[in-house]
2 protein chains.
Amino acid sequence: MAVGIKDLAREAGLSVATVSKALNEYADVSEETRQRVREIARLLNYQPNVTARGLQSRRTNMVGLVIPTMEPHLSDDPYFLDLLAGIADEAAEHEFALLLTRCAPGPKERTCYQKIVRGRRVDGLIVVRTRSQDQRVAYLLEEGFPFVTFGRTDQGLDFPFVDVDGTQGVYDATRYLIGLGHRRIGFIAAPEGLMFGFHRQEGFRKAMEEAGLAMEPGLLARGDLTLQSGDVAMGQLLDRDPPPTAVVACNDLMALGAMRAARKRGLWVGRDLAVVGFDDTHVAAHSRPSLTTVSQPIYDIGILLCRMLLQTLQGKPLEVRQILLRPALVIRESSGGTIS
Amino acid sequence: MAVGIKDLAREAGLSVATVSKALNEYADVSEETRQRVREIARLLNYQPNVTARGLQSRRTNMVGLVIPTMEPHLSDDPYFLDLLAGIADEAAEHEFALLLTRCAPGPKERTCYQKIVRGRRVDGLIVVRTRSQDQRVAYLLEEGFPFVTFGRTDQGLDFPFVDVDGTQGVYDATRYLIGLGHRRIGFIAAPEGLMFGFHRQEGFRKAMEEAGLAMEPGLLARGDLTLQSGDVAMGQLLDRDPPPTAVVACNDLMALGAMRAARKRGLWVGRDLAVVGFDDTHVAAHSRPSLTTVSQPIYDIGILLCRMLLQTLQGKPLEVRQILLRPALVIRESSGGTIS
DNA sequence: CCTTGACCCGAAAACGATTTCGGAGTATAA
DNA sequence: TTATACTCCGAAATCGTTTTCGGGTCAAGG
């Protein structure tokens, strides 16, 4: 059933070597045989065995991505899909494929990466959702394995990355709220260790400090990025006396949860209370009230990440190894809270 | 840098053959050497080269999935991500990885599949979003390549699949609307050729027919599954005179678009007008008003699909080759439309 | 006529593992 | 003592390509 290069050789009355060279644009094969071989290959629908070719060339033509979420359901992070789309599209553009795995952060993670790296399962990796002390980055650097990350880390290592300036984003959002007159602003943080959560929180701190506003510990809650946790966190914030008049959440999902919690208490978000999120996922635009949030071009980031990785795989050094994108504040209904 | 089986052999003073057998639980190697080899492998952090192993075993330990959407951004189909998660999780469970590609339906599609199949890039494929005359299914069957689909087709071919009974789902939803007193019910259909769209529309037709209600052509609009197209389609429906009092959309996204269109015309969905969707994506639960929709266990479907595929790859015949799941109507606010 | 070079082609060695098969060594039975 | 069986181990083939390197043919040049 499967037709190999030997079949072509037999059919053409040539050696496999010549056939191989004919198909791969070698110079030392006559134009005539090249055409003949091509024709036969077309007729027999020949496609070279990727594995064999990979063994010989020591390349897999695949980039890998390990999704590091805890929960089985991924839709909690809707932006992952757009990121994947960007990566897959750019990869396809260069005849690469995307190898997808999932592995929760933890002790098994190292093994997972070892299998991929030492087993040469892919040519390069894209690491997402970086952590402050990221063992994955350290490991890949130590192995000298090609990779690019989405996000920076906090361990003083040098490696190529693309990141969104979360500090700037949340800073802008918070200043906007302050500009509206808000003074008691709550913050729903991400789990500790997540680099993007840290940066975003920094933006909040900075904006508040600049405005001479105290950051009450009581106005800082922490969630785990899920909608439910945003609901719970918002409940804690609203229990304060006096409660905040505005709340910044570390991501859209928690912002949505926060809105739900407010609603349950009879508060009208966008009037009694302002809420802003981060990510500008599709839900943000179509929730009621629509969510004011900070937008990052996630699909394009996927493209960018993949492009950078592929370029290093080709041996070409990157002109720009580290990219920090400035996100944009998107103002919608949820931030129209009254100045209390 | 890379440590191969030869390195282990040299280190252990054994032949590569013995080392290989020691690591692979062969009987003809003494317990003592087995232990020693294992220890050395552990120390050197040996991981067998996946490509070489694959060439020998003629298996890649990968399942493939080609995403067949037209648009670059995938979030239009939020459920894809959960499906991927299910597949990836189940694959990981069996030491498999998921190879992801994207290829829009069209003439290039066949080439894309040929490369994968004849190039033996993966051991088996998962085909999603089946079409009535699906060339992909026909091709895979013709090649005798292992695959499972999410969705049936309309070409009288026999192959393993998992599907959700869209007819039943929309039937239930429509009957529910009829039960509320609605008589003029619109339908926003999916692009032609998509099998799930056909089934869902059938459910609508059946319910209407049973209730003795006419299916006016003017109350049938067609979208392309995006939110925008739902908006447009709803516009057309509301231009009818008299307009429908309820609308069933083929998926949640178009339902959301429909709600937006209604809102733009000053209609209050859930009071002036009923809208129901299909999929029960996360947006559905958190839109305002929340969306009444038909729910399918998409993550579990991913698990199921992958499990079926892996089982056939192991040579075990499937006890159940074709699975039709019954979806559940989830009643929320958007269907609370007045009986006109 | 011999040499040189250009032009094609094929034998064979990789790539890194697995798997077959035979052989050496030792213990047991005749 | 010899035959037999059993335990381990290693040489070599294999998977399907690519790539190196040498050789054969033929025309042109000396």
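By convention in this document, chain letters (A, B, ...) are assigned in the order of the sequence lines, proteins followed by strands, and residues within each chain are numbered from 1. Treat the numbers as computed from the prediction; the structure is a model and nothing was measured.
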Chain B reaches DNA chain D, atoms under 4.0 Å from its heavy atoms, from D:dC8 to D:dG16
query = Between A:Arg152 and A:Leu324, is any pair of side-chain heavy atoms under 4.5 Å apart?
reply = yes
Worksheet item: Strictly by modelled atom types, are A:Tyr139 and A:Glu143 linked by a side-chain donor-acceptor pair under 3.5 Å?
Response: yes
By side-chain contact (heavy atoms from CB on, under 4.5 Å), A:Leu318 pairs with (sequence neighbours left out) A:Pro160, A:Met308, A:Gln311, A:Thr312, A:Arg321
CD (B:Glu25) with more than 12 external heavy atoms under 6.0 Å: yes
Quiz item: Is a side-chain donor-acceptor pair under 3.5 Å present for A:Arg102 with A:Thr69?
Solution: yes
What I want to check is whether the side chains of B:Thr153 and B:Gln155 have a donor and an acceptor closer together than 3.5 Å.
yes
Quick check: does any side chain N or O of B:Asp134 sit under 3.5 Å from a backbone N or O of B:Arg136, one acting as donor and the other as acceptor? yes
Min side-chain heavy-atom separation A:His94-A:Glu90 under 4.5 Å:
yes
How far apart are the C-alpha atoms of A:Glu31 and A:Arg34, what are their side-chain angles, what is the distance that settles it, and do they pass the salt bridge (Lys or Arg N to Asp or Glu O under 4.0 Å) test? CA-CA 5 Å; A:Glu31 188 55 29; A:Arg34 187 197 312 286; 3.2 Å; yes
Closer than 4.0 Å, any side-chain N/O of B:Asn49 to the OP1 or OP2 of C:dC15? no
Taking five pairs at each terminus, the helix from C:dC1-D:dG30 to C:dA30-D:dT1 shows an axis bend, to 10°, of 80°
Within-4.5 Å side-chain heavy-atom neighbours: B:Arg118 and A:Tyr46:
no
**Q.** Any B:Leu225 side-chain heavy atom under 4.5 Å of B:Pro191 side chain
**A.** yes
Can you tabulate the close N/O pairs, meaning under 3.5 Å, that link protein atoms to atoms of nucleotides 5-11 of chain C?
unit_1, atom_1, unit_2, atom_2, d
C:dC9, OP2, A:Ser30, N, 3.0
C:dC9, OP2, A:Thr33, OG1, 2.9
C:dC9, N4, A:Asp28, OD2, 2.7
C:dG10, OP2, A:Ser15, N, 3.0
C:dG10, OP2, A:Ser15, OG, 3.3
C:dG10, OP2, A:Thr18, OG1, 2.7
C:dG10, O6, A:Lys21, NZ, 2.4

In whole angstroms, the gap separating P of C:dT18 from CD of B:Glu25 amounts to 12 Å
Is it true that A:Asp158 and A:Gln322 share a donor-acceptor pair across their side chains at a distance under 3.5 Å?
yes
Rounded to whole Å, the CZ-P distance (A:Arg118 to C:dA17) equals 11 Å
Sorted by chain and number, sequence neighbours left out, ring-ring contact (aromatic ring centres under 6.0 Å, His included) with B:Phe147 holds for B:Phe159
What residues 54-62 of chain B contributes to the DNA chain D interface at heavy-atom separation below 4.0 Å is B:Leu55, B:Gln56, B:Arg58
